[in-house]
There are 2 protein chains.
Amino acid sequence: MVTLADVAQHAGVSASTVSYVLSGKRSISASTRERVERSIDQLGYHPNAGARALASSKSNILALMVPLRTDMYVPVMMEIAISVATTARAHGYDVLLLTGEEGPATVRRIEGSALADAMILMDVELHDDRLPLLRETGRPAVLIGLPADPSRVSCVDLDFAAAGALCVEHLAGLGHRDIAVIGEAPAVYERHTGFAERTLAGLRERGRELGVRLLHRPCEGSYAAVAATLARVQEERPGTTAFVVQNEAATDPLLALLRQQRRAVPEDVSVMAICPDQVAAHASVPLTAVAVPAQELGRYAVEQVVAKIEGRGSDEVVLLAPELTVRESTGPRP
Amino acid sequence: MVTLADVAQHAGVSASTVSYVLSGKRSISASTRERVERSIDQLGYHPNAGARALASSKSNILALMVPLRTDMYVPVMMEIAISVATTARAHGYDVLLLTGEEGPATVRRIEGSALADAMILMDVELHDDRLPLLRETGRPAVLIGLPADPSRVSCVDLDFAAAGALCVEHLAGLGHRDIAVIGEAPAVYERHTGFAERTLAGLRERGRELGVRLLHRPCEGSYAAVAATLARVQEERPGTTAFVVQNEAATDPLLALLRQQRRAVPEDVSVMAICPDQVAAHASVPLTAVAVPAQELGRYAVEQVVAKIEGRGSDEVVLLAPELTVRESTGPRP
DNA sequence: CTGTGCCGTCGAAGCGCTTCGACGAGCCTA
DNA sequence: TAGGCTCGTCGAAGCGCTTCGACGGCACAG
């Protein structure tokens, strides 16, 4: 293994000089710099991560806590994770993948071992038990999601309330008066995951303002569950002419079922979704949808947390404005 | 930050004694051990990861390289990643998430910086350019997938050839003589991703043996693409009575399209898939399928790599035997 | 009662890097 | 021409941990 000392010797300078060439924290003459850089290349030197972390108390690692549950909104999670990893690299950081089990204990462990310079948390619950710890330690952290009390942490998320409102507006504008909301699995609501409740609040409020009747039903992602939910909705509110789906896995089954009932989309029923654009665009009927900007969330979270590490940036809550893309699944009320 | 020295002082012993309590590498009297452990708890001590890595040249980190492309077999990837992370924790390791871009350079970087004790690679291509490096460095590595030349590395994967064979057997046993294979996106074959080609080989070989006619068509995961592919297949081989789908995203569209054509599954057409069990079970018609055992792959990869780190275990290729679960989507040829 | 060996503990030497203070050389200013 | 700068470089002191060799104290055998 090539060390700093090897490079120094090879270049005929002292170790500290090599270090300063690498970090740029002191000025180095052009000739020395070049000589050192050549040696680095020739020897194939890479700084030892452990030694560097020890000496500088900076690991250049970001910890990313993802939910353990593999049954929920998986594509979004994956997209965020990948976006986090790529953005982090662009800033010189690597990403540690932590699964959510043992939330607070994991936070403490990472904290105590100084393994990561900062944490990014996904799947945030309204009263998340990792938050008190995070605040206590004071290490930079960013949540992707919005807890009930976002003080002294940073948060990034889609403005789900606005997204909900946008859906209702769009449908109301097309004349719909009875809208059914197919939601995430019941477990998501039971855990008080923020985004689901905020969407609902946004839907309801604008619904009230616009005089639209809403029926909300949580729903598992399987075909059978969607079928059951649809049947219930149609029984309880036969006049329903539009659906808002917030459940990646439910969109395709819903479209299939409607087709089976010979109810044409969008002529007889309108369907819109809150999901990643890719999912919406690839559905059997390209869906009018509010996009969940997974990549941007990941990128923003990293940039925010890096800023904090570097002493710039402060605690703030950023809610990205929702964007509605009209495709082929919504039309005027029949 | 609490250090080893703090614990030692608090417990009234030397630093090395605390270290030995932690590592168990020398015998310690019960009384001393207890005293030290109490101090550790009381002070909330966590060993500094950097210092530990530096002193022991062991980081207790596993690097996991996942593909950058978010458009392919995402659920399997995610499931594997999570399984890797959880299993790794159970063995005392954390997981570094590396996206596949710059493959060889990344391998060299991790290698040189001693950031990880071992690497796990996913999305392995037949002639993967990361392999030569991996062999050269001699650091423990496990591939999830199977390259053309698996010498001097370890590999775990589903036996996709056997999986393909199993599908053909099952369908041939039901009397089908014309089978269409809906494959992954063309790009997957162009990159010579091992699993796709091996499946095809298995399908073809057993097809030949059993006198079954196979028609293979790569296919994007969107509804429109599946529709186009299905149309082509039905035009080219009107007698097709069974489908094998190896493309997570294509199963649901295919079922929906067949339903639309009023071709009942399994009465008129049989459909089977090679995909995670969860996907198969949740489809609109529960699918007879060969499961991709994502969790096991992840778990096995970690156990293998940990064994190598500890000096046990050697280079080997393990192909998990495919398991066929008969559900409701396959039946006798009409 | 002395010699031998083991058990439990300690001190010290690094691991490879960052960073602080020091210092010589060259330059400008007075 | 002496004094004071700045610039570029060096040496040394850690960062917090692991690990090796050493060393007392005790139990046992002779």
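Throughout, a chain's letter reflects where its sequence line sits, starting with A, and its residues are numbered from 1.
- Using a 4.0 Å heavy-atom cutoff across all strands shown, S16(B) reaches at least one base atom of the nucleic acid.
- Under the side chain to side chain contact (heavy atoms under 4.5 Å, CB included) test applied with Y45(A), the options D6(A), L22(A), V36(A) reduce to a single match, L22(A).
- Residue contacts shown for L4(B) include a base, since a base heavy atom lies under 4.0 Å away.
- Where Y20(B) and V2(A) meet DNA chain C, the nucleotide closest to each residue was compared, and Y20(B) sits on the side nearer the 5' end.
- Position along DNA chain D of the nearest nucleotide to R26(B) versus N48(B) favours N48(B) as the more 5'-ward residue.
- The only option from T87(A), I61(A), I309(A), V305(A) that meets the side chain to side chain contact (heavy atoms under 4.5 Å, CB included) definition with Y93(A) turns out to be I309(A).
- Not a single donor-acceptor pair under 3.5 Å links the side chain of R135(A) to the backbone N or O of R152(A).
- If A55(B) and S29(B) are placed on DNA chain C by their nearest nucleotide, the residue sitting closer to the 5' end is S29(B).
- The closest side-chain heavy-atom distance from H91(B) to E310(B) is not below 4.5 Å.
- Remark on DNA chain D: of its neighbouring residues I28(A) and A15(B), the 5'-side contact belongs to I28(A), judged by nearest-heavy-atom nucleotide.
- Using a 4.0 Å heavy-atom cutoff across all strands shown, T3(B) reaches sugar-phosphate atoms only and no base atom.
- Note that the first and last nucleotides of DNA chain D, 5' to 3', having any atom under 4.0 angstrom from a heavy atom of chain B are dG16(D) to dA22(D).
- Between L134(B) and L121(B), some side-chain heavy-atom pair lies under the 4.5 Å cut-off.
- Here the side chain of S154(A) pairs a donor or acceptor atom with the backbone of E316(A) at under 3.5 angstrom.
- At the heavy-atom level, S19(A) lies under 4.0 Å from base atoms of the strands shown.
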